[in-house]
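In what follows, chains carry the letters A, B, and so on, assigned in the order in which the sequence lines appear, proteins first and then strands, with residues in each chain numbered from 1.
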Amino acid sequence: MQIVAPLAIGIGFGFVLQKGRLGHYDTIVNVFRFKDLRVLKFLMSALMVSMLGIQALRSLGLAEEVPVAHSYLVGNLLGGVLFGMGMAVAGFCPGTVAAGAGEGRLDYLIAGSFGLYAGAVLFGLAYPKLMPLLGNLANLGAITAAELFHVDAWLPVLLFWELGLLIFYLIERGPLRPR
Amino acid sequence: MNPANLLGRETWSPYLAGAGLGVVTTISMALFSKRLSGSGAYQHLSGYLGRELAPKDVYWKYVIPTGVTWEVWLLIGTLLGALASALASGSFRVRMLPDSQWSEVFGPSVGKRWLIVFLGTCLIEFAASLAGGCTASLAVSGSAVLAPGGFVFIAGMFAGGIPAARLLYRKRPGGES
């Protein structure tokens, strides 16, 4: 049983979430109101760095087997919509509940832990009716965009960096700047 | 910049904090073959109650392992990391309610906040299980390896979040956008 590695990775995860001010209700909800784009900048930066880092380690032959999340697009999308609604109303996601609890928020630590647990149990009870249907709609399996479109793995990384830099420019200097 | 000052600062630029998350994600994914996750721990603990409620449910029999797994230790680490960060900057404070913006919209009731947190967390954990991951395990760890489902999930998050926020902040103080 590995304990040290997940604890250490978790500590890094919680540390940057707290430093990013992601444990605050207003940080989360205001990205959906275009009032504060901190979440968007944080998410894009994280994706740009991790895409580059993972692909670089892979190219150098230093990466282990990298896990690829399953794409079953209808379920991914429907879950995402419900998830976004919950985020906008309550002001967190599962990881930021832990970050908020760590900075002293008892609503996250107590009500949040019970709620997350209840949601996990409810899903398990609904699974036999729900997932055989939903899991097979637009089911691509564990595949990356590069494999899907038969292009070099570096190409989507490069395109995403260009997109990210463009978005950062538009947010900081251009028309997307929050007013 | 003195590194000690950096650790003690209350808030980092989102670009710096996000890049930090990118490094953590890279280490977890490429060196340990594990996605980051906030929702996974609760899935892996859910069987302790779920198997009592529904002993034959295929979810706990075949789909989701029950136990104190990698994801559970990751969650404990996340709590400790946020605690360390908050202590380092002196921003740790025990509190029952979020900052003022919450109260402007929902009022100052602690009971109401806790009820909405309970219902909200219940919904997002269900939704994350449905989607195949949460912000950490799908939006970040999925998109980081260019899995189409990760990007579709992010699109869904904003497609659900934007109208929900609009509805809540309609005719509220400072709600014009």
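With a threshold of 4.5 angstrom between heavy atoms, B:Leu31 approaches chain A through its backbone and through its side chain. Only the side chain of A:Leu57 comes within contact range of chain B, judged by heavy atoms closer than 4.5 Å. Residue B:Leu123 touches chain A through its side chain alone, counting heavy-atom pairs closer than 4.5 Å. Of the two parts of A:Ser113, the backbone and the side chain both hold a non-hydrogen atom closer than 4.5 Å to a non-hydrogen atom of chain B. Neither the backbone nor the side chain of B:Val72 comes within contact range of chain A; no heavy atom of the residue lies under 4.5 Å from a heavy atom of that chain. With a 4.5 Å cut-off on non-hydrogen atoms, A:Leu73 touches chain B through its backbone and its side chain both. The contact between B:Arg95 and chain A is made by backbone and side chain atoms together, counting heavy-atom distances below 4.5 Å. For chain B, the nearby part of A:Tyr127 is the side chain; its heavy atoms alone come within less than 4.5 Å. When heavy atoms are compared at a cutoff of 4.5 Å, A:Met131 approaches chain B solely by way of its side chain, counted from C-beta outward. At a 4.5 Å heavy-atom cutoff, the contact between B:Trp114 and chain A is made by backbone and side-chain atoms alike. Interface remark: B:Ser37 contributes backbone atoms only to the contact with chain A (heavy atom separation under 4.5 Å). For B:Glu10, the part lying near chain A is the backbone, with the side chain staying farther off; criterion is any non-hydrogen pair under 4.5 Å. Contact of A:Ile9 with chain B is made through backbone and side chain together, with heavy-atom distances under 4.5 Å. Only the backbone of B:Leu97 comes within less than 4.5 Å of a heavy atom in chain A; its side chain stays farther off. If you measure heavy-atom distances from B:Tyr48 to chain A, the contacts under 4.5 Å come from both the backbone and the side chain. With a 4.5 angstrom heavy-atom cutoff, B:Leu45 touches chain A via backbone and side-chain atoms both.
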Check the pair A:Asp26 / A:Arg38 against salt bridge (charged side-chain N to carboxylate O under 4.0 Å, His left out), numbers first and verdict last.
-> CA-CA 10 Å; A:Asp26 53 317; A:Arg38 175 168 277 275; over 6 Å; no
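Residue with the most contacts toward chain B among A:Asn76, A:Val49, A:Val74: A:Asn76 (heavy-atom pairs, distance under 4.5 Å). No other option in A:Leu109, A:Leu134, A:Ile110 has as many heavy-atom pairs under 4.5 Å with chain B as A:Ile110. Among A:Gly119, A:Ala145, A:Gly86, the residue with the largest count of heavy-atom pairs under 4.5 Å with chain B is A:Gly119.
Ring-plane geometry between B:Phe151 and A:Phe160 is classed as tilted, the angle between the planes lying from 30 to 60 degrees on a 0 to 90 degree scale. The aromatic rings of A:Phe123 and B:Tyr59 stand perpendicular to each other, their planes meeting at an angle above 60°, with 30° marking the opposite boundary.
The two residues B:Asp57 and A:Gly124 make their nearest non-hydrogen contact at OD2-O, 2.6 Å.
Within a 6.0 Å sphere centred on CZ of B:Phe158, other residues, nucleotides and ligands contribute more than 12 heavy atoms. No more than 12 heavy atoms of other residues, nucleotides or ligands sit less than 6.0 Å from atom CD of A:Glu65.
Checked against a 6.0 Å centroid threshold, the rings of A:Tyr117 and B:Tyr42 do not count as neighbours. A ring-centre distance under 6.0 Å is found for A:Phe83 and B:Phe153. Taking the centre of each ring, A:Tyr25 and A:Phe92 stay at or above the 6.0 Å mark.
Between the side chain of A:Lys41 and the backbone N or O of B:Gly18, no donor-acceptor pair lies under 3.5 Å.
Here A:Val66 sits in one hydrophobic cluster together with A:Ile54, A:Val68, B:Met29, B:Val145; the rule is ILVMFWY side chains under 4.5 Å apart, joined directly or through other members.
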